[in-house]
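Heads up: the structure comes next, in C-alpha coordinates.
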2 protein chains.
Amino acid sequence: MTVGQAADERLLRIGEVARGAGVSVRAVRYYEQQGLLIAERSPSGQRLYRQDTVTLVRFFQQMFAAGLTSRRIAELLPCWDTGHTDAEQRAMLRAERDRIQAKVDDLQAALDRLDEVIAITDTHP
Amino acid sequence: MTVGQAADERLLRIGEVARGAGVSVRAVRYYEQQGLLIAERSPSGQRLYRQDTVTLVRFFQQMFAAGLTSRRIAELLPCWDTGHTDAEQRAMLRAERDRIQAKVDDLQAALDRLDEVIAITDTHP
DNA sequence: CTTGCCTCTGACGTTAGCGTCAGGTTTTAG
DNA sequence: CTAAAACCTGACGCTAACGTCAGAGGCAAG
(Lines give C-alpha, C1' and ligand atoms only; values in the text may rest on other atoms or scores of the structure.)
Protein backbone atom coordinates (compact mmCIF):
# COMPACT_ATOMS: atom_id res chain seq x y z
CA MET A 1 0.00 0.00 0.00
CA THR A 2 1.80 3.10 -1.20
CA VAL A 3 -1.36 5.14 -1.49
CA GLY A 4 -2.64 7.17 1.42
CA GLN A 5 0.65 7.49 3.19
CA ALA A 6 0.83 11.00 4.56
CA ALA A 7 4.59 10.72 4.64
CA ASP A 8 4.58 10.75 0.86
CA GLU A 9 3.17 14.27 0.69
CA ARG A 10 4.94 16.18 -2.00
CA LEU A 11 7.17 18.82 -0.47
CA LEU A 12 6.70 22.42 -1.52
CA ARG A 13 9.27 24.84 -2.83
CA ILE A 14 9.48 28.28 -1.32
CA GLY A 15 7.57 29.98 -4.11
CA GLU A 16 4.64 27.63 -3.70
CA VAL A 17 4.50 28.26 0.03
CA ALA A 18 4.66 32.00 -0.54
CA ARG A 19 1.89 32.04 -3.12
CA GLY A 20 -0.18 29.64 -1.07
CA ALA A 21 0.00 31.82 2.00
CA GLY A 22 -0.18 35.12 0.16
CA VAL A 23 3.20 36.44 1.24
CA SER A 24 6.49 37.13 -0.51
CA VAL A 25 9.32 34.68 -0.90
CA ARG A 26 11.44 37.11 1.04
CA ALA A 27 9.02 36.90 3.95
CA VAL A 28 9.27 33.11 4.10
CA ARG A 29 13.07 33.29 4.20
CA TYR A 30 12.80 35.90 6.91
CA TYR A 31 10.60 33.63 9.01
CA GLU A 32 13.20 30.92 8.79
CA GLN A 33 15.89 33.37 9.81
CA GLN A 34 13.80 34.27 12.84
CA GLY A 35 13.43 30.65 13.85
CA LEU A 36 9.76 30.37 12.92
CA LEU A 37 10.26 27.84 10.15
CA ILE A 38 12.66 24.99 9.55
CA ALA A 39 13.08 23.73 6.01
CA GLU A 40 14.55 20.61 4.59
CA ARG A 41 16.99 21.13 1.79
CA SER A 42 17.19 19.49 -1.59
CA PRO A 43 20.59 18.16 -2.65
CA SER A 44 21.18 21.41 -4.47
CA GLY A 45 20.32 23.48 -1.41
CA GLN A 46 16.77 24.56 -2.20
CA ARG A 47 14.30 24.82 0.67
CA LEU A 48 11.54 22.23 0.87
CA TYR A 49 8.48 22.62 3.06
CA ARG A 50 5.67 20.38 4.19
CA GLN A 51 2.22 21.32 2.98
CA ASP A 52 0.98 22.44 6.38
CA THR A 53 3.63 25.14 6.29
CA VAL A 54 1.19 27.21 4.28
CA THR A 55 -1.27 27.15 7.16
CA LEU A 56 1.50 27.94 9.59
CA VAL A 57 2.61 30.98 7.60
CA ARG A 58 -0.94 32.25 7.47
CA PHE A 59 -1.06 31.87 11.22
CA PHE A 60 2.13 33.92 11.52
CA GLN A 61 0.50 36.65 9.48
CA GLN A 62 -2.46 36.69 11.81
CA MET A 63 -0.19 36.99 14.84
CA PHE A 64 1.86 39.73 13.18
CA ALA A 65 -1.34 41.59 12.46
CA ALA A 66 -2.16 41.29 16.14
CA GLY A 67 1.11 42.97 17.02
CA LEU A 68 3.17 39.99 18.17
CA THR A 69 6.83 40.10 17.20
CA SER A 70 8.53 37.22 15.47
CA ARG A 71 10.56 36.71 18.61
CA ARG A 72 7.43 36.30 20.69
CA ILE A 73 5.86 33.96 18.20
CA ALA A 74 9.00 31.84 18.25
CA GLU A 75 8.86 31.67 22.03
CA LEU A 76 5.25 30.54 21.90
CA LEU A 77 5.56 28.08 19.03
CA PRO A 78 5.86 25.06 21.34
CA CYS A 79 2.43 25.89 22.74
CA TRP A 80 0.55 24.82 19.63
CA ASP A 81 3.18 22.42 18.42
CA THR A 82 3.16 20.26 21.52
CA GLY A 83 0.14 21.64 23.37
CA HIS A 84 2.28 21.85 26.46
CA THR A 85 3.32 25.07 28.20
CA ASP A 86 5.33 26.15 31.19
CA ALA A 87 4.35 28.92 33.57
CA GLU A 88 6.33 31.53 31.68
CA GLN A 89 4.62 30.73 28.41
CA ARG A 90 1.19 30.82 29.98
CA ALA A 91 2.01 34.24 31.37
CA MET A 92 3.12 35.44 27.94
CA LEU A 93 -0.03 34.12 26.35
CA ARG A 94 -2.19 36.01 28.79
CA ALA A 95 -0.10 39.15 28.49
CA GLU A 96 -0.47 39.12 24.73
CA ARG A 97 -4.17 38.47 24.96
CA ASP A 98 -4.62 41.37 27.36
CA ARG A 99 -2.53 43.64 25.17
CA ILE A 100 -4.60 42.77 22.13
CA GLN A 101 -7.81 43.27 24.04
CA ALA A 102 -6.64 46.71 25.13
CA LYS A 103 -5.77 47.51 21.54
CA VAL A 104 -9.21 46.46 20.41
CA ASP A 105 -10.71 48.83 22.94
CA ASP A 106 -8.48 51.67 21.77
CA LEU A 107 -9.39 51.03 18.16
CA GLN A 108 -13.06 50.92 19.02
CA ALA A 109 -12.79 54.27 20.76
CA ALA A 110 -10.99 55.76 17.77
CA LEU A 111 -13.65 54.28 15.52
CA ASP A 112 -16.38 55.95 17.54
CA ARG A 113 -14.64 59.31 17.26
CA LEU A 114 -14.27 58.95 13.52
CA ASP A 115 -17.88 57.94 13.13
CA GLU A 116 -18.81 60.98 15.14
CA VAL A 117 -16.95 63.23 12.75
CA ILE A 118 -18.36 61.41 9.74
CA ALA A 119 -21.89 61.86 11.02
CA ILE A 120 -21.33 65.59 11.54
CA THR A 121 -19.64 66.24 8.22
CA ASP A 122 -22.29 64.25 6.36
CA THR A 123 -25.20 66.27 7.71
CA HIS A 124 -23.19 69.47 7.57
CA PRO A 125 -22.07 69.97 3.94
CA MET B 1 -13.92 93.67 33.04
CA THR B 2 -10.65 91.83 32.73
CA VAL B 3 -11.94 88.72 34.42
CA GLY B 4 -13.53 85.92 32.42
CA GLN B 5 -12.02 86.82 29.11
CA ALA B 6 -11.14 83.56 27.38
CA ALA B 7 -8.60 85.39 25.27
CA ASP B 8 -6.53 85.90 28.41
CA GLU B 9 -5.95 82.20 28.88
CA ARG B 10 -2.42 81.66 29.98
CA LEU B 11 -0.41 80.05 27.23
CA LEU B 12 1.42 76.81 27.95
CA ARG B 13 5.05 76.01 27.44
CA ILE B 14 5.99 72.85 25.63
CA GLY B 15 6.81 70.92 28.80
CA GLU B 16 3.40 71.65 30.25
CA VAL B 17 1.68 70.45 27.10
CA ALA B 18 3.78 67.30 27.07
CA ARG B 19 3.12 66.44 30.68
CA GLY B 20 -0.55 67.32 30.33
CA ALA B 21 -1.00 65.01 27.38
CA GLY B 22 1.32 62.31 28.63
CA VAL B 23 3.83 62.47 25.81
CA SER B 24 7.44 63.59 25.49
CA VAL B 25 8.60 67.07 24.63
CA ARG B 26 10.25 65.57 21.60
CA ALA B 27 6.91 64.22 20.44
CA VAL B 28 5.28 67.66 20.61
CA ARG B 29 8.08 69.18 18.52
CA TYR B 30 7.67 66.33 16.07
CA TYR B 31 3.95 67.05 15.73
CA GLU B 32 4.74 70.63 14.88
CA GLN B 33 7.27 69.52 12.31
CA GLN B 34 4.60 67.33 10.73
CA GLY B 35 2.18 70.22 10.51
CA LEU B 36 -0.14 68.99 13.25
CA LEU B 37 0.49 71.86 15.63
CA ILE B 38 1.25 75.52 15.20
CA ALA B 39 2.81 77.36 18.10
CA GLU B 40 3.20 80.99 18.89
CA ARG B 41 6.64 82.03 19.92
CA SER B 42 7.78 84.09 22.85
CA PRO B 43 10.21 86.94 22.12
CA SER B 44 13.06 84.58 22.95
CA GLY B 45 11.79 81.89 20.61
CA GLN B 46 10.09 79.49 22.98
CA ARG B 47 6.92 77.76 21.83
CA LEU B 48 3.64 78.79 23.41
CA TYR B 49 0.46 76.76 23.12
CA ARG B 50 -3.18 77.33 23.89
CA GLN B 51 -4.64 75.14 26.60
CA ASP B 52 -6.78 73.08 24.26
CA THR B 53 -3.59 71.88 22.65
CA VAL B 54 -3.40 69.28 25.38
CA THR B 55 -6.69 67.80 24.25
CA LEU B 56 -5.55 67.95 20.66
CA VAL B 57 -2.34 66.06 21.39
CA ARG B 58 -4.28 63.39 23.22
CA PHE B 59 -6.46 63.11 20.16
CA PHE B 60 -3.37 62.66 17.99
CA GLN B 61 -2.28 59.83 20.24
CA GLN B 62 -5.61 58.15 19.80
CA MET B 63 -5.39 58.44 16.04
CA PHE B 64 -1.81 57.15 16.03
CA ALA B 65 -2.93 54.19 18.08
CA ALA B 66 -5.56 53.57 15.44
CA GLY B 67 -2.89 53.43 12.78
CA LEU B 68 -3.31 56.81 11.11
CA THR B 69 -0.10 58.47 9.98
CA SER B 70 0.73 62.04 10.91
CA ARG B 71 0.36 62.92 7.27
CA ARG B 72 -3.20 61.59 7.21
CA ILE B 73 -4.09 63.33 10.43
CA ALA B 74 -2.79 66.59 9.00
CA GLU B 75 -4.93 66.13 5.90
CA LEU B 76 -8.00 65.56 8.04
CA LEU B 77 -7.38 68.28 10.60
CA PRO B 78 -9.73 70.78 8.89
CA CYS B 79 -12.57 68.31 9.43
CA TRP B 80 -12.78 68.89 13.15
CA ASP B 81 -11.32 72.35 13.09
CA THR B 82 -13.92 73.81 10.79
CA GLY B 83 -16.46 70.98 10.64
CA HIS B 84 -16.43 71.31 6.90
CA THR B 85 -15.15 68.67 4.49
CA ASP B 86 -14.78 68.20 0.78
CA ALA B 87 -15.49 64.97 -1.06
CA GLU B 88 -11.89 63.80 -0.86
CA GLN B 89 -11.77 64.22 2.89
CA ARG B 90 -15.04 62.39 3.38
CA ALA B 91 -13.65 59.54 1.32
CA MET B 92 -10.51 59.45 3.46
CA LEU B 93 -12.55 59.45 6.64
CA ARG B 94 -14.54 56.48 5.47
CA ALA B 95 -11.46 54.68 4.21
CA GLU B 96 -9.77 55.07 7.58
CA ARG B 97 -12.85 53.97 9.41
CA ASP B 98 -13.15 50.87 7.24
CA ARG B 99 -9.48 50.10 7.70
CA ILE B 100 -9.79 50.37 11.46
CA GLN B 101 -12.91 48.24 11.46
CA ALA B 102 -11.09 45.57 9.46
CA LYS B 103 -8.21 45.74 11.92
CA VAL B 104 -10.60 45.29 14.83
CA ASP B 105 -11.96 42.19 13.15
CA ASP B 106 -8.45 40.85 12.59
CA LEU B 107 -7.52 41.47 16.19
CA GLN B 108 -10.68 39.82 17.38
CA ALA B 109 -9.90 36.74 15.32
CA ALA B 110 -6.36 36.61 16.69
CA LEU B 111 -7.78 37.03 20.17
CA ASP B 112 -10.07 34.08 19.67
CA ARG B 113 -7.18 31.91 18.53
CA LEU B 114 -5.10 32.88 21.53
CA ASP B 115 -7.98 32.22 23.90
CA GLU B 116 -8.35 28.84 22.27
CA VAL B 117 -4.73 28.00 22.98
CA ILE B 118 -5.00 29.38 26.51
CA ALA B 119 -8.03 27.22 27.21
CA ILE B 120 -6.25 24.13 25.96
CA THR B 121 -2.99 24.75 27.78
CA ASP B 122 -4.82 25.56 31.00
CA THR B 123 -6.73 22.29 31.11
CA HIS B 124 -3.78 20.39 29.72
CA PRO B 125 -0.86 20.87 32.13
C1' DC C 1 21.72 23.51 -25.79
C1' DT C 2 19.48 27.29 -24.45
C1' DT C 3 15.73 29.88 -22.96
C1' DG C 4 13.26 31.25 -19.11
C1' DC C 5 11.74 30.81 -14.62
C1' DC C 6 12.90 29.59 -9.91
C1' DT C 7 16.07 29.57 -6.21
C1' DC C 8 20.34 30.72 -3.55
C1' DT C 9 23.26 33.92 -0.36
C1' DG C 10 24.55 38.27 1.18
C1' DA C 11 23.74 42.96 2.11
C1' DC C 12 21.97 47.57 1.95
C1' DG C 13 17.37 50.37 1.84
C1' DT C 14 12.77 51.73 3.76
C1' DT C 15 9.26 53.71 7.02
C1' DA C 16 7.32 56.18 11.27
C1' DG C 17 7.45 58.03 15.48
C1' DC C 18 9.94 59.22 18.19
C1' DG C 19 14.84 58.70 21.67
C1' DT C 20 18.97 60.73 22.56
C1' DC C 21 23.08 63.36 22.52
C1' DA C 22 25.58 67.92 21.70
C1' DG C 23 26.17 72.53 22.53
C1' DG C 24 24.07 76.73 23.55
C1' DT C 25 20.26 80.24 25.45
C1' DT C 26 16.49 81.36 28.76
C1' DT C 27 13.67 81.27 32.69
C1' DT C 28 12.97 80.53 37.40
C1' DA C 29 13.82 79.59 42.39
C1' DG C 30 16.34 80.99 46.26
C1' DC D 1 23.56 86.74 41.47
C1' DT D 2 23.72 81.99 40.65
C1' DA D 3 22.61 77.40 39.88
C1' DA D 4 19.16 74.35 38.42
C1' DA D 5 15.55 73.42 35.31
C1' DA D 6 13.54 74.13 30.99
C1' DC D 7 13.92 75.41 26.29
C1' DC D 8 16.21 75.86 21.61
C1' DT D 9 18.14 73.82 16.97
C1' DG D 10 20.21 70.32 14.46
C1' DA D 11 21.30 65.67 13.58
C1' DC D 12 22.17 60.80 14.17
C1' DG D 13 20.08 56.34 16.22
C1' DC D 14 16.56 52.86 16.72
C1' DT D 15 13.22 48.96 15.61
C1' DA D 16 10.57 45.41 12.76
C1' DA D 17 9.28 43.20 8.84
C1' DC D 18 10.29 42.96 5.09
C1' DG D 19 11.77 45.28 -0.26
C1' DT D 20 15.15 45.24 -3.50
C1' DC D 21 19.31 44.68 -5.99
C1' DA D 22 23.55 41.92 -7.32
C1' DG D 23 25.64 38.00 -8.90
C1' DA D 24 25.38 33.05 -9.47
C1' DG D 25 23.48 28.40 -9.70
C1' DG D 26 19.51 24.98 -10.76
C1' DC D 27 15.79 22.72 -13.60
C1' DA D 28 12.05 21.49 -16.92
C1' DA D 29 10.71 22.27 -21.86
C1' DG D 30 11.57 22.55 -26.62
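Heavy atoms only: backbone and side chains are in, while hydrogens, waters and symmetry mates are out. Convention: sequence-line order gives letters A, B, ...; per-chain numbering from 1.
- As judged by a 4.0 angstrom heavy-atom cut-off over every strand, Arg72(A) is placed among residues making no nucleic acid contact.
- Nearer the 5' end of DNA chain D, as judged by each residue's closest nucleotide, is the contact made by Tyr49(B), out of Ala27(A) and Tyr49(B).
- Taking a 4.0 Å limit (strictly below) on heavy-atom distances, residues 98-114 of chain B does not reach DNA chain C anywhere.
- Looking only at side-chain heavy atoms (C-beta outward), Leu68(B) and Arg99(B) come within less than 4.5 Å of each other.
- A salt bridge is absent between Arg58(A) and Asp52(A): the closest approach of a Lys/Arg side-chain nitrogen to an acidic carboxylate oxygen does not fall below 4.0 angstrom.
- Residues Leu77(B) and Gly35(B) come closest through the heavy atom pair CD1-O, 4.2 Å.
- What separates CD of Glu32(A) from P of dC18(D) is a distance of 15 Å, to the nearest Å.
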Would you give me the side-chain donor-acceptor pairs under 3.5 Å for residues 16-27 of chain A, sequence neighbours excluded?
unit_1, atom_1, unit_2, atom_2, d
Glu16(A), OE1, Arg13(A), N, 2.8
Glu16(A), OE2, Arg10(A), NH2, 3.0
Ser24(A), OG, Ala27(A), N, 3.0

List the steps, then state whether side-chain contact (heavy atoms from CB on, under 4.5 Å) holds for Trp80(B) with Glu116(A). CA-CA 10 Å; Trp80(B) 32 79; Glu116(A) 215 174 294; over 6 Å; no
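- The backbone N or O of Val117(B) sits less than 3.5 Å from a side-chain atom of Thr121(B), completing a donor-acceptor pair.
- In plain terms, the two heavy atoms of Ser70(A) and Phe64(A) that are nearest each other are N-CE2, 3.6 Å.
- Taking a cutoff of 4.0 Å between a charged side-chain nitrogen and a carboxylate oxygen, Arg47(B) and Glu32(B) qualify as a salt bridge.
- Protein chain A contacts DNA chain C from dC6(C) to dA11(C), reading 5' to 3' and using non-hydrogen atoms of the protein with a distance under 4.0 Å.
- Straight-line distance from the CZ atom of Arg26(A) to the P atom of dA22(D): 16 Å, rounded to whole Å.
- Taking the charged nitrogens against the carboxylate oxygens, Arg90(B) and Glu96(B) have no contact shorter than 4.0 Å, which rules out a salt bridge.
- Backbone-only engagement by Tyr31(B) is indicated by non-hydrogen atom pairs under 4.0 Å involving sugar-phosphate atoms exclusively.
- With hydrogens and angles disregarded, no donor-acceptor distance shorter than 3.5 Å links the side chain of Glu40(A) to the backbone of Tyr49(A).
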Per-pair distances, 0.1 Å, donor-acceptor, side chain in residues 101-110 of chain A, under 3.5 Å, sequence neighbours excluded:
unit_1, atom_1, unit_2, atom_2, d
Gln101(A), NE2, Asp105(A), OD1, 3.3

Salt bridge (Lys or Arg N to Asp or Glu O under 4.0 Å) between Arg94(B) and Asp122(A): does it pass, once the steps are laid out? CA-CA 11 Å; Arg94(B) 287 208 192 77; Asp122(A) 275 357; 3.0 Å; yes
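- Between the OH atom of Tyr30(B) and the C1' atom of dC14(D) there is a distance of 14 Å, given to the nearest Å.
- Within residues 61-71 of chain B, the residues approached by DNA chain C to less than 4.0 Å at the level of any non-hydrogen atom are Gln61(B), Phe64(B), Leu68(B), Thr69(B), Ser70(B), in residue-number order.
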Kindly give the atom pairs (protein nitrogen or oxygen, nucleotide nitrogen or oxygen) under 3.5 Å for nucleotides 4-7 of chain D.
unit_1, atom_1, unit_2, atom_2, d
dC7(D), OP1, Gly15(B), N, 2.8

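- Across every non-hydrogen atom of Ala74(B) and Leu36(B), the tightest pair is N-CD2, 3.5 Å.
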